[in-house]
Colleague: 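My questions will all concern the structure given below.
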Amino acid sequence: MSNKYVYLFSEGNAEMRNLLGGKGANLAEMTGLGLPVPQGFTVTTEACTRYYEDGKVIADEIVDQIYEALAKTEEINGKKFGDLENPFLVSVRSGARVSMPGMMDTILNLGLNDVAVKGLAKLTQNERFAYDSYRRFIQMFSDVVMEIDKRKFEDILDEVKASVGAKVDTDLSADDLKVVVEKYKALYLKEMGVEFPQDPKVQLLESVKAVFRSWDNPRANVYRRMNDIPGDWGTAVNVQAMVFGNMGDDSGTGVAFTRNPATGENKLYGEYLFNAQGEDVVAGIRTPNPIADLHKTMPAVYDQFAEIANTLEKHYRDMQDMEFTIERGKLYMLQTRNGKRTAAAALKIAVDLVNEGMLTKEEAVMKVEPKQLDSLLHPQFNADALKKAEVIARGLPASPGAACGKVYFTAEEAVEAAKDGSKVVLVRLETSPEDIEGMYASQGILTARGGMTSHAAVVARGMGTCCVAGCGDIRINEEAKTFEANGKTYKEGDYISIDGSTGNVYGEAVETIDAAVTGDFATLMGWADDIRTLSVRTNADTPRDARQAVKFGAEGIGLCRTEHMFFDEDRIPAMREMIVAKTEEQRRAALNKLLPMQKADFKGIYEAMEGRPVTIRFLDPPLHEFLPHNDEDIAALAKEMGLTFDELKGTVESLHEFNPMLGHRGCRLSVTYPEIAEMQTRAVIEAAIEVKAEKGYDILPEIMIPLVGEVKELKYVKAVVVETAQKVMDEKGVKIDYKVGTMIEIPRAALTADEIATEAEFFSFGTNDLTQMTFGFSRDDAGNFLDDYYAKKIFESDPFARVDQVGVGKLMKMAVKLGRETRPGMKMGICGEHGGDPSTVVFCHNIGLNYVSCSPFRVPIARLAAAQAVVMGK
Ligand code: ADP
Ligand code: MG
Ligand code: MG
């Protein structure tokens, strides 16, 4: 038997969402519930996939099934296409598994032709209405299906209006509209070379094809990538009998939610318009009435609608978003779906539904989209204040949150101003690693150049600091310390505000409000914590970040990078001394200067973590990142260090690497200079001993050796660590438990994880490097070509945002298995940026990791995703 590609509404149900799409499955479900739904049929998502497989044609067997369903639908509705008395008209509506903006616009009144329009006029006793519907249908079909520029139709309409002296569309009489229709058809003939199709079957088939094509349009592709929707899902097409909300004042159309989608308040919420069709409500042509008014004007319809809303919410056990139409006093349901809602509403509704006994806690946890929480975790603008503020420029929304502060143009000045207690927005052409401190000191970062993966954007997201990047609307004059935007000049010290969620820049101070996990948010997170088995740690390099993360529920630090600490202005000289040292002695002298600073850092972090485990990664980046690069800075440093310019310049040049990412970095540094590992070990252990003595916290430092690819590398560095740790403990007469583990971030480490595990006491997957090295392209450079990969369907998502489960994930699974064969029960986690990505968290749970670690602001997201992983696994 051939495949079934077409289902009448009466043949489907809500379970068939993958096949019928969300809209189709719910129309079928409502039909099954006995609700008043105009009847029709759904062409399946499989038909869409097949259309692409067959080279963008609809196979004959599918066409046959569509015609068959069409005939049945005519029968069910008791109407006939092209009928002079009572013509059958349908809408053609797209509907994927999940609702997707950017898909094809719905086509209404399909079936209208030169004959049916007369039938419609007779039926409605309104010739004007009939011809207006017809001209709208021609325009819609031509624009959406045939891609004829709609302006050409608008021009015709304007011409006719002008010729009869009509100001607005409604001034046109039926006869005027007949003229418009004739002109439209003539235009169609000219553009397409054929007459406007009079056969409803042809109209329908072309429309179905257009829906299928729209699955692959650029807007839809971008949306899918951002929302992890696979390209092979396809979209379904719904063909539904038309009902008319525009048949007079006893007709109307509207949309409503069973609860308030902005706040979650449990009260019917929505709007409707009398004598209107389709998108009129949302199009904003006339101001709609609040749904409560319907209670006054059509009490019986209102009551019926309220009851249906209640039925649907109970049935779906979730807040519903519904579309309805009233035709001559009779109510029809056109759509229902789980309503989109703000994060705050999502939390309130989930908690309320549990309290109302409608959901279990496990189900409630599934009702909140983890990524959505992001909007609640960053400072927000006061909504009233924001309304009054003027946007002076727009850039890319690179890192969410709201920031308000005084403008500073260099990292140093930003740091100074912040020390004096000012709130600061750092404004730069673009940022570089030397700006880290200034970025930290700022409420927000605004750059004129760079994209979503620029240094500013990546670092800001990691820090949870608001960032607007690539804002070409501002012109920065670095020398004068001013920028120009919207015809005005802003100086150092002037207030601006930036919105990292929209990319908007405001030329004034706008009040912000801090985030906190309280109320319904806290309640739901508590449930998530009870359910999840995966621990959630944070990536934090400073006590401030560590404290923030603990507030957000972090159970430890999974990655404390030690290099950021050395970019500090008062430290980088000692660091540079260490790097350019010619002898071990000189190097040790410089390291001795760094030791107390590093120890103080670790103490600060241990204290902030109050006894929670802390994984400290030893020095990782290529050393040249710390060195000055232009002659001026080299000269200054040479003077400071008592070297000649040429000497220092020579050293800097000798440290140049062609591929620093694949160069002298990670554990390779400690292999060359074991004294670096010695200093860092001493700092880790002494700090733990001191914090234990001073605060009573039992600290369990986990020393993590980066970039290991061969067990002997790890063995060598570990021996230095163990020896030093023993020495420190002997000196102090105190014993501290500590662990030495490694990152799995080089494919060879994953491949030989059984060997590596003979030395490593824990693994942490460094998925940023693991991704770079598995694919063989760097995160910093991939931005330049990944867009082509998305456009050409080679990649569907950014492998640096979401772990590539097929390739990189296979290495991870292998390493987990091999590692635990050597060391049963071995602790394993992930510390790449991926650790806060919900789909990656679920993957980590499934492959048996013990924890994920992510930036502080993603900790609640990871907690929720980890709980969802448990529920999904049941
Ligand atoms: P979207 O997904 O953009 O909401 P819809 O397919 O739901 O698109 O339709 C757009 C508008 O057209 C909605 O207001 C809907 O209620 C209306 N509409 C769709 N089908 C019909 C129909 N058969 N009769 C009357 N109005 C319809
Ligand atoms: Mg639409
Ligand atoms: Mg809709």
Side-chain angles (χ1 to χ4, degrees), residues 9 20-28 30-31 35-43 70 73-74 76-77 79 81 87-112 120 124 129 133 136-137 140-141 144-145 200 203-204 207-208 210-211 214-215 217 219-220 223 235-247 251-257 261 270-286 288 291 305 308 312 320-328 330-340:
F9 291 169
L20 303 180
K23 200 177 277 171
N26 287 335
L27 285 167
M30 288 199 289
T31 300
L35 301 183
V37 175
Q39 287 301 293
F41 59 88
T42 304
V43 186
L70 200 56
T73 308
E74 278 180 303
I76 293 168
N77 287 283
K79 298 184 180 188
F81 272 124
F88 187 43
L89 301 179
V90 296
S91 64
V92 178
R93 321 171 65 187
S94 67
R97 273 194 221 185
V98 294
S99 95
M100 255 180 62
M103 300 280 300
M104 196 191 82
D105 287 332
T106 291
I107 295 179
L108 301 177
N109 304 328
L110 187 140
L112 275 178
L120 187 63
T124 58
F129 164 72
S133 300
R136 280 174 200 265
F137 171 60
M140 185 95 193
F141 184 89
V144 174
V145 179
Q203 296 174 353
L204 179 62
S207 302
V208 170
V211 173
S214 79
W215 175 253
N217 76 29
R219 277 189 306 175
Y223 183 85
T235 181
V237 185
N238 303 290
V239 179
Q240 184 174 29
M242 282 301 298
V243 284
F244 298 96
N246 45 357
M247 275 198 183
S251 303
T253 182
V255 293
F257 296 81
E271 298 180 320
Y272 72 102
L273 267 178
F274 277 129
N275 201 5
Q277 188 180 44
E279 307 276 18
D280 294 353
V281 177
V282 278
I285 305 164
R286 282 186 279 154
I291 191 84
F305 180 70
I308 289 175
L312 286 172
Q320 295 299 296
D321 165 1
M322 302 157 296
E323 289 173 6
F324 63 93
T325 283
I326 304 161
E327 182 184 296
R328 293 186 166 156
K330 180 161 167 35
L331 175 68
Y332 291 95
M333 297 302 294
L334 291 175
Q335 188 171 341
T336 193
R337 61 181 164 192
N338 295 344
K340 289 224 161 60

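All values below were derived from every heavy atom in this structure, side-chain atoms included, with hydrogens, water molecules and symmetry-related copies excluded. Note that ligands are numbered from 1 as they come in the structure, with each ligand's atoms numbered from 1 the same way. Numbering of residues begins at 1 and proceeds along the displayed sequence.
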Colleague: So, Gln39 versus Thr31: side-chain donor-acceptor pair below 3.5 Å or not?
Modeller: yes
Colleague: What part of Val90, side chain from CB on, backbone N/CA/C/O, both or neither, has a heavy atom under 4.0 Å from ligand 1?
Modeller: neither
Colleague: Would you check if there is a donor-acceptor pair between the side chains of Gln335 and Asn26 at a distance under 3.5 Å?
Modeller: no
Colleague: Quick check on the Mg ion (ligand 3): does Thr106 put an N/O/S atom closer than 2.8 Å to it?
Modeller: no
Colleague: Which of the atoms of ligand 1 are close to Thr106, meaning less than 4.0 Å from one of its heavy atoms?
Modeller: 5 (P), 6 (O), 8 (O), 9 (O), 10 (C)
Colleague: Report yes if some N/O of Glu323 lies less than 3.5 Å from some N/O of ligand 1; otherwise report no.
Modeller: yes
Colleague: Are a donor atom and an acceptor atom from the side chains of Arg337 and Gln320 found within less than 3.5 Å of each other?
Modeller: no
Colleague: Flag Val243 as yes when one of its N or O atoms lies below 3.5 Å from any N or O atom of ligand 1, and as no otherwise.
Modeller: yes
Colleague: With a 3.5 Å distance limit and no angle check, can you tell me whether Lys23 reaches the backbone of Ser94 through a side-chain donor-acceptor pair?
Modeller: yes
Colleague: May I ask which of Gln39, Arg93, Lys23 has a heavy atom nearer to atom 1 (P) of ligand 1 than the others do?
Modeller: Lys23
Colleague: Does an N or O anywhere in Ala241 fall below 3.5 Å from an N or O of ligand 1?
Modeller: yes
Colleague: Can a donor-acceptor pair be found between the side chains of Asn275 and Ser251 at a distance below 3.5 Å?
Modeller: no
Colleague: Under the side chain to side chain donor-acceptor pair (under 3.5 Å) test, which residues partner Glu74, sequence neighbours left out?
Modeller: none
Colleague: Output the atom name for the N/O/S atom of Glu323 with the smallest distance to the Mg ion (ligand 3).
Modeller: OE2
